[in-house]
Amino acid sequence: MAKIVWDATGERYYESGVDHGVLYPLGSAGRYETGVAWNGLINVTESPEGAEPSDMWADNIKYGSLRSAETFGGTIEAYTYPEEFEECDGNKMVKEGVYIGQQSRKSFGFSYRTKIGNDVNQDLGYKLHLVYGCTASPSEKSRDTINDSPEAATLSWEFDTTPVNVTGGDPTATIVVDSRTANATALANLEKKLYGDNTTGQPTLPSPDEVIAMFNEEA
């Protein structure tokens, strides 16, 4: 076995940026509606919780350890949001351009992309992040006066998720696809689903089983 080499040329990977945000409102039939672009996306912070150990003791020793179920949530930060997100944020349009707040919050799906680079190529690849069963929490919004150092207001929403079923695994709220290693044809087909295509139809968020099936077909 060859000796380990640290930080070899071409192996200094890093992940940066966030773009290609898409919102998929969840319809009353339990299917995701047509996806819409989420412009002005600044940051997506992933905040998984749970998976905490619960120790068991017997015979005066640590006998074992059980871990609680893991949950997924996070924060979306942006300069703006698509109109379709109003219902997800607890706002209901009662007349064109008129909204009432504190209404039921619509569930949604979400996808975004992060870039992967290394020491020789900052555009080496990217990761697609698919998030299912999201609900947004009420968020604080600051309204500042315009002064001699004006800044655009930023908006942020914390979200939680409810996992969905996936064949061959425990229920999940997230899928990540790495363009560096994923099958290129299957990845292209997935992106047509996520972003829409002039020949294949409107953008939508496929279920985890549908995503896996795309890559199985091209295996």
Side-chain angles (χ1 to χ4, degrees), residues 17-42 44 46 72-74 76 78-93 96-97 99 103-116 123 125-136 155 157 159-169 171-219:
V18 59
D19 61 12
H20 283 53
V22 184
L23 170 74
Y24 308 92
L26 186 64
S28 57
R31 302 275 307 175
Y32 288 103
E33 299 172 354
T34 301
V36 291
W38 193 316
N39 298 318
L41 196 61
I42 298 172
V44 178
E46 300 178 358
F72 182 84
I76 300 171
Y79 285 120
T80 186
Y81 55 89
E83 181 180 342
E84 290 80 357
F85 188 70
E86 291 284 6
E87 289 187 89
C88 304
D89 200 22
N91 301 316
K92 180 179 180 180
M93 186 169 68
E96 189 67 32
Y99 297 87
Q103 305 301 297
S104 297
R105 290 175 173 264
K106 192 172 186 177
S107 297
F108 63 96
F110 183 57
S111 72
Y112 58 97
R113 194 178 72 166
T114 54
K115 295 177 63 176
I116 301 172
D123 296 313
Y126 57 89
K127 289 182 180 179
L128 284 178
H129 302 258
L130 315 182
V131 189
Y132 299 85
C134 304
T135 52
L155 308 171
W157 301 266
F159 67 90
D160 295 306
T161 61
T162 300
V164 296
N165 292 331
V166 56
T167 303
T172 183
T174 59
I175 292 181
V176 178
V177 181
D178 191 330
S179 71
R180 295 172 298 172
T181 53
N183 180 277
T185 301
L187 177 58
N189 290 335
L190 174 58
E191 290 178 325
K192 287 180 181 179
K193 277 279 190 181
L194 295 173
Y195 307 141
D197 183 79
N198 291 332
T199 58
T200 59
Q202 298 293 324
T204 187
L205 181 62
S207 70
D209 280 348
E210 290 173 329
V211 173
I212 294 170
M214 291 181 192
F215 289 88
N216 285 338
E217 290 172 1
E218 302 298 336

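None of the values given here were measured: they were computed from a predicted structure.
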Is any side-chain heavy atom of [X] closer than 4.5 Å to a side-chain heavy atom of [Y]?
X: Y132; Y: P208; answer: yes
X: F159; Y: F72; answer: yes
X: D19; Y: Y112; answer: no
X: L155; Y: T80; answer: no
X: L128; Y: S179; answer: no
X: V164; Y: P171; answer: no
X: V36; Y: V22; answer: no

Determine whether W38 and V44 satisfy the following criterion, side-chain contact (heavy atoms from CB on, under 4.5 Å), listing intermediate values before the conclusion.
CA-CA 12 Å; W38 193 316; V44 178; over 6 Å; no

Residue pair H20, Y195: steps toward the side-chain contact (heavy atoms from CB on, under 4.5 Å) verdict:
CA-CA 9 Å; H20 283 53; Y195 307 141; 3.8 Å; yes

Heavy atoms only: give me the nearest [X]-[Y] pair and the separation to one decimal.
X: A136; Y: F85; result: CB-CZ, 4.0 Å
X: P82; Y: A37; result: CB-O, 3.8 Å
X: P206; Y: L190; result: CG-CD1, 3.9 Å
X: P203; Y: G196; result: CB-N, 3.5 Å
X: F215; Y: A182; result: CE2-CB, 3.8 Å
X: L41; Y: G21; result: CD2-CA, 3.9 Å

Can K92 and Y99 be said to form a side-chain contact (heavy atoms from CB on, under 4.5 Å), step by step?
CA-CA 5 Å; K92 180 179 180 180; Y99 297 87; over 6 Å; no

For atom OH of Y79, is the number of surrounding heavy atoms from other residues, nucleotides or ligands below 6.0 Å larger than 12?
no

Rounded to the nearest 0.5 Å, what separates atom [atom1] in [X] from atom [atom2] in [Y]?
X: N198; Y: K192; atom1: CG; atom2: NZ; answer: 10.5 Å
X: K193; Y: L205; atom1: NZ; atom2: CG; answer: 10.5 Å
X: T174; Y: L130; atom1: OG1; atom2: CG; answer: 9.0 Å
X: I116; Y: Y126; atom1: CD1; atom2: OH; answer: 10.0 Å
X: Q202; Y: T34; atom1: CD; atom2: OG1; answer: 5.0 Å
X: M214; Y: T185; atom1: CE; atom2: OG1; answer: 13.0 Å

Whether [X] side chain and [Y] backbone form a donor-acceptor pair below 3.5 Å:
X: R105; Y: T135; result: no
X: D89; Y: N91; result: no
X: D209; Y: V166; result: no

Ring centres under 6.0 angstrom apart (H129, F110):
no

Take L194 and Y24 through the test side-chain contact (heavy atoms from CB on, under 4.5 Å) and record every step on the way to the result.
CA-CA 9 Å; L194 295 173; Y24 308 92; 3.5 Å; yes

Non-neighbouring partners of P25 that pass side chain to side chain contact (heavy atoms under 4.5 Å, CB included), sequence neighbours left out
L23, E33, E84, K106

